[in-house]
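Notes follow the structure.
Worth knowing before you read on, the calculation uses all heavy atoms, side chains too, and leaves out hydrogens, waters and symmetry mates. For clarity, every value in this text was computed on a predicted model and none was experimentally measured. Residue numbers begin at 1 in each chain, while the letters A, B, ... track the order of the sequences.
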Amino acid sequence: MAPDVTAAKPAEGVSVPAGTGRGSLGRFLRWDVLVGMLLVLVFAGGSAGSPGFASIDNLSFALGDLGEIALIALAMTMLVVAAEVDLSVASVLGLSSALVGSLWDAGWAIESIIPLVIVVGAGCGLVNGLLVTRLGLPSLAVTIGTLALYRGLAYVVLGDRAIAEFPQQYVDLAVNDVPGTPVPYPVMLFILLAAVTGVVLHATGFGRSLFAIGAQEEAAQFAGIRVKRIKLTLFVLSGAIAAFAGVVYTLRYGSARADNGVGLELAVIAAVLLGGVDFDGGRGTLGGVIAGVLLIGLLRNLLMLNDVSTEIQSIVTGLLLIISVITPRLVAAVGRRRIPAPASSPPPPES
Amino acid sequence: MSEPGRGEAPLGSPPEQAPPVLALAGVSKAFGAVRALREVSLQLFAGEAHALAGENGAGKSTLVKTLAGVHRPDTGQVLLDGEPVEFHNPADAQQAGVAVIYQEPTMFPDLSVAENIFIGRQPRAALRRIDRATMHARATELFTRLGVALDPEQPARGLSIADQQLVEIAKALSRDARVLVMDEPTAALSGNEVARLFNVVKALREQGCAVLFISHRLDEIFELCQRVTTLRDGGWIASEPVAGLTHDDLIRRMVGRDLDTLYPKQETTVGEVALRVGRLTREGVFTDVSFEVRRGEIVALAGLVGAGRSEVARAIFGVDRWDAGTVEVNGRRLPAASPTAAMAAGLALVPEDRRQQGLVMDQSIERNIGLTGLKTLRRGPVISRAAERDRARDWAIRLQLKFNRLSDAVNVLSGGNQQKVVLGKWLSTRPEVLIIDEPTRGIDVGTKAEVHRLLSQLAADGLAVLMISSDLPEVLGMADRVLVMQEGRLVAEIPRDRATEESVMTAATGRAS
Amino acid sequence: MSAVTAGRSSRGVVDLVFRARELSIVAALAVLVAVTAGVNGNFLSGQGMKDIFLNASILVLLAVGQSVVVITRNIDLSAGSVVGLVAFTTGDFLAADHGRGVVFAVVLGVAIGALCGLVNGLLVSFGRVPALVVTLGTLYVIQGLDHLIAHGRQINAVDLPPALLALGNGTVLGVPYLPVIAVVVMLAVGYYLRSYASGRDFYAIGSSPEAAGLAGIPVRRRVMGAYLFSGALAGLAGVLWLSRFGTVVADAANGWELQVVSAVVVGGVAITGGVGTVYGAALGALLLTTITSALVVLKVNPFWQQAITGALLLLAISVDRLLALRVARVLRRRNARHGS
Amino acid sequence: MFIFPRRLASTAALVGLVSLGLTACGGTTKDSAQQGADPKASAAAPASADPNAPIKEGLKIAFLPKQINNPYETIVDKAGIEAAKEYKGEAKEVGPSDASASSQVSYINTLIQQRQDAILIAANDANAVCGPLKQAMSKGIKIVAYDSDAAKDCRNLFINQADSEEIGRSQVKMLADMIDSKGEIAILSATANATNQNAWIDFMKDELTKPEYKDMKLVKVAYGDDDDQKSFQETQGLLQAYPDLKGIISPTTVGISAAARYISGSKYKGKITLTGLGTPNQMREFVKDGTVQQFALWNPKDLGYLASYSAAALASGQITGAEGEKFTAGKLGEYTIGKDGEVILGAPFVFKADNIDEFDF
């Protein structure tokens, strides 16, 4: 049986009531709602204070710039809800970019390259998934390993070359807006996939299973949920989406390099956690994650427009991340005064 | 039903001369709006075993945690030798000589047994280094005193629950604890392990230790304790000598009303074979287990903890893989290691560990009940919340679940109500074979009777029930047949009319009768 | 009763595996060094050995600090950024006035590191938030601060007092200071963790945080302590980084967090806490550094280096896990045979 | 055992459909794309230049270095910002903290929104920044690449610190002089993807094919990733792996200083000749202690100064970026735009023990 992978669980003296986030106060003060409100604030403040911010051009660019992070965040949300994590996504993106470049350079047709690369990405995810589910290794350790491995393979594939000159009609698909809208194609694709993911996560049996696995894996297993297969599926999905994001990335920048997307995994995880998904699994909403992705992206954009230096941007991101995990616990701590700890739960009032 | 043992001559009344070693005076504790303890008083005297009785949710665990320094009382006092004290944390309580053995043993699986006993108080050599030789010698000495053979250098990982309890007691012994608080220590133990534990506790008591003992098994209270304090709904009901009480008296104090019989077994007609297990083997765990369960029958699987009973259940249901053998449900063979296939064939398993295996504690009642029916609750690709809620409400009513809202997390429910949610979760799959592991562990008397009535009713309706229980009266009271396992093998099959405590225990311990 | 004999032999197996964990790293190191030396004798020359140990020392220090944190079932991703911050700020401090004492600089560096550790520790132990998230956050913050302070400047070797540079490159009895410092720290921490009650608390906490609280172990204080210590060691590593490289820009040790965690994991410290030794972690760090050096010496295509490192990490944790599963099975069979 | 669940299969199918749906008919390959590609419209260049137009006041220009916090880039950009004060412009430096193309792109977008008059960029990836740069040019923003070029059609000018060919060849010559054109040599570069490094290395390799270098053999190109520790370790590795190594060229400031630092503290000191591109402040110690005899670099301040003036000249309409146009760069005098819009700062300067103290950067 897989050991619990909550490597980062805080050591605590007495058990923290985990459910208090859903208490009466928590119902209104949920973090994902707060992030949404924060997002609105940033947007309103930006539009009022910075002339270039609310322009269609700028927003369209800012959205497009988030495309890959947002795409990968969809799969990452499901993984984290199931109490797993995939740190290798950015390396899969890099490997996918390197493959696209080297195959394109070798004269392959782009139409065969794209599906092939996605299959390779799924294969990368499969390796992660098998190591996690068959050997019962913590996904954090496994994907730190494959983070190095897949990035290394990207260098093996493409070395120091940088491949450019991709076919214009495909580059256009990655860069241009859907006609008549300010929404770039990848963002439109993201919206579609996000809608699908949202339904899957929050309204289907598969989604229910994910939450159950994340909250209490053993109980999920005893309820007949195919824990291992579901986790394997998630890793495969995560690999495939990361590879697809690699294709988008390559086309969008018109440049295939082995070092594309280095460090992107931390941005994705930051966005997911900022969106209120509990790193210990079992709790979170896709809406929160989307708000988180947008908040990070738009806030950065706004700071840049106001010539706030990168250093400050980095500090702001870090602080937001810390606040995003502290706040719900504070809310819970406030709620705990009204709600008993489960360890000593008195009988509920009779109904 | 067995005669309550009253081997020890109970001390009729507390020795008035010395002040109580540890006492609570008018202690109240509230969590938010809920008052877990209301002006509870309790006195523990040296050399006395004191029982704490009450239904789940009566406030017993809160009281234990107050004594242990985990909680601090809102009002009232904790008195040590008659002097008020304040325990800020568990360390303070331990310092004062209060040792607590929790319901679930609190082990460090990666540390050795000796370290588990002495953690934080290891014997020191020069420069405050840990003196390992002394530590191991003292651990061995403690085990000798307890009359058990455990290797102090063995890692705690993999110890049986009974052995873990013993390590906890060794820990308490090593502290020279003056007060030993035991929160349902016997819940996971079987007959001879309980006997061994009781011998140790009696010896401690005779050495002048005060013991606070919590158990849902009333027999044990009558066997071990001199006085009993009863709590109900967080309030103090009575503190009195055990000697003058009957089972029914005690139940009445706990429940606040009279109970009908605890084991309402109905006569049923036995139908065709629903579950057939053939030569099932999992290497190193159980070997060559064969039996069948028919419709309308309640078959109990008895034996000591660690005999492999739960493991057989897990393998049948497919949570664990089996190495050899067959499982058939209604004549259809099940593939190995597939709970999904087992469920499809009509199997249901109410697991042993409610909090870990039975429920997703943070999730709502309706979600927990719905978890086994994700396929049937679908409308198109999407789960219908209305259907989910209907299903939950339906079973909540049928099982007389006490709850506020169906959207409340199950961790706010009492143990008995949590067990009802687990039952609802499985009965809603309309199983043909129900495997139920420790159906009433940690459940108060009132709910216990309800669960038993339900099982009986289900069998009468044609369900095949395989019940695993360490509670012998329950086994004898409910089962049509008793299968006994010992060290991974099925060693005896005893029909209802010949099943007695003695015959079952003889088979379970492997002693020739 | 057979429980004692079963216990003894099972302990033998378990012990062997834990020792085998470190032995297998030593063996892997030996094979690697032997093969590399076979191809190129220079690898084992005095200079070659000196280089390997010099290279490994800073990573060893960080791995020792990290393993204390990981043993308590936490993680410190900010270690690399602390090295960068300390290396730059102490460099800046010394460059401003050559008269400033080197000892004082070391103390200052360690203090800055400890301060960062304190923040992490406070957030993790009192804020009760997942360590991975908190330290990811502090990683961003510390990195940002570092860059803000550096602001594109660079500390050059000429700006630094010779005494500090001597620390990084000087030797005592022919052995460079750096590995000596690393080994002394490793031995001291290893001894402390094994032989002191408070040291055992770290293992207890990682093994079961709930039980640790109930057993009266000051969980928060120990977790705080682990972070404080890890931060202080990262601070020391930062000063040594400065003394070794002389040239420092803001992004020293950028991205090292994953390398440190890799070293710790390869060294057999369980990421789920409670298991492992600092010796193993130090060996893991040595192995990782040696691999990098050996691959260059073996003239392996530089583009393969990262892939090989990643594959080795996966191999290490997989073999580890398979061994553990095997031991569990052996124990199970043995228990079954002896009876319980 | 493992079966792809249906949902996964359908997702894969969806992805496949999307990619197929994007296809017209037949595959798009590199060859077909190149055949079919429109002749690249040259970037929006105004019809004519007015060499006599005065430099406008209040020009807004922005430097976008490879990475903020790279000391070399900081020197360049500061000099450029100083220069802007001379012609009463407003200049600033913005940029990412990591040397990646993607983060530069975000900054380009921001600069477009801020309606800068000119953007000066040291491109991390010649192609990746191309799209947004073209967009900027279409909005009338002048683009000057410096230090590391962007693709030719995405910028108006490239201010080359020195002719790439000259840098590459002169480095080989410099080393050859010191080792009598004999023995094994290696190159310690920055990252494997650095465009300027790779251009120089290509010229070095080409130079080595000449007959006078027949006894010199390039045995390895190593990558120190512009990271001290990595460059350090790569140097060690090179020296161990190739015991007969006579010389190392490290055309990167981080690499050469790390290599020098390692060599000066090792037994290889005096046995190995190191040269390359470095800053005097970094290298002073090693030139003085004899580890390094000579190395080269242009004056980064001049580079920034020239880039700044060229941007102003572009934005004021003095020049358009066409070959042969001339402009005056303040105190540096007159420059002529060469082929492909390149302006060359001058020959690299060689630093030696006897002149190094005259410089402070």
Side-chain angles (χ1 to χ4, degrees), chain A residues 51-53 55 57-58 61-62 65 104-112 114-115 118-119 122 155 159-162 164-171 173 175 189 200 206 229-230 232-233 236-237 240 244 249 252-255 257-263 300-301 304-305 307 309-311 314, chain D residues 2-5 7-8 11-12 14-16 18-20 22-24 26-34 36-38 68-69 92 94-98 100-103 105-107 109-110 112-115 125-132 135 151 189 191-195 197-198 221 223:
Chain A
F53 179 74
S55 75
D57 270 3
N58 183 53
F61 174 85
D65 210 23
W104 172 250
D105 200 40
W108 283 50
I110 194 96
E111 292 80 8
S112 14
I114 293 176
I118 291 171
V119 170
Y155 277 105
D160 61 357
R161 292 182 297 157
E165 311 271 308
F166 291 98
Q168 196 57 43
Q169 68 265 40
Y170 282 90
V171 172
L173 275 180
V175 179
L189 180 66
V200 167
F206 185 80
R229 185 177 297 184
I230 286 177
L232 197 61
T233 310
V236 170
L237 211 60
F244 180 70
Y249 192 104
R252 193 156 72 84
Y253 290 113
S255 173
R257 290 159 41 130
D259 65 348
N260 272 351
V262 167
R300 242 173 64 87
N301 182 275
M304 265 192 217
L305 275 176
D307 284 338
S309 65
T310 11
E311 296 92 333
S314 163
Chain D
F2 172 70
I3 306 155
F4 274 96
R7 197 163 284 110
L8 182 59
T11 311
L14 177 74
V15 170
V18 169
S19 61
L20 284 177
L22 303 178
T23 320
T28 316
T29 63
K30 190 179 170 191
D31 296 337
S32 73
Q34 274 168 356
D38 304 330
I68 212 131
N69 269 307
K92 65 177 178 185
V94 294
S97 54
D98 58 327
S100 79
S102 55
S103 18
V105 168
S106 316
Y107 277 94
N109 167 65
T110 310
I112 297 174
Q113 299 304 330
Q114 292 175 337
R115 309 198 191 289
D125 179 328
N127 299 303
V129 292
C130 204
Q135 210 186 337
S189 176
T191 59
N193 289 113
T195 30
Q197 298 277 329
N198 289 341
V221 178
Y223 299 97

Toward chain A, the part of [X] with a non-hydrogen atom under 4.5 Å:
X: D/Tyr107; value: both
X: D/Asp125; value: both
X: D/Val94; value: side chain

Side chain, backbone, both or neither: which part of A/Ser112 has a non-hydrogen atom closer than 4.5 Å to chain D? neither

Segment of A/Ala240 engaging chain D (4.5 angstrom heavy-atom cut-off): neither

Quick check for you: among [options], which has the greatest number of heavy-atom pairs under 4.5 Å with chain D?
options: A/Asp105, A/Ile110, A/Asn58, A/Asp65; answer: A/Asn58
options: A/Arg161, A/Arg257, A/Arg252; answer: A/Arg257
options: A/Met304, A/Glu311, A/Arg300; answer: A/Met304
options: A/Val175, A/Asp259, A/Asp307; answer: A/Asp307

Where D/Ala192 and D/Asn198 come nearest, the two heavy atoms and their spacing: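 Result for this residue pair: O-ND2, 3.0 Å.
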
Non-hydrogen atoms of D/Thr28 and A/Trp104 that approach each other most closely: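 Looking at all heavy atoms of both residues, the closest pair is O-CZ3, 3.2 Å.
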
Side chain of D/Thr110, backbone of D/Ser106: donor and acceptor closer than 3.5 Å?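 It does hold such a pair.
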
Strictly distance-based, threshold 3.5 Å: is any side-chain N or O of A/Ser314 a donor or acceptor partner for the main-chain N or O of A/Thr310?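 Flag not set: sc A/Ser314 to bb A/Thr310 has no pair under 3.5 Å.
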
For A/Tyr155, which residues count as a side chain to side chain donor-acceptor pair (under 3.5 Å) partner, sequence neighbours excluded? none

Could you go through D/Gln197 and A/Asp160, starting from their C-alpha distance and side-chain angles, then the distance that decides it, and tell me whether this counts as side-chain hydrogen bond (donor to acceptor under 3.5 Å, both in side chains)? CA-CA 11 Å; D/Gln197 298 277 329; A/Asp160 61 357; over 6 Å; no

Looking just at side-chain N and O atoms, do A/Asn301 and D/Gln113 make a donor-acceptor pair shorter than 3.5 Å? no

Taking every heavy-atom pair that is under 4.5 Å apart, which of D/Gly131, D/Ser97, D/Ser102 has the most such pairs with chain A?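 Answer, by heavy-atom pair count under 4.5 Å with chain A: D/Ser102.
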
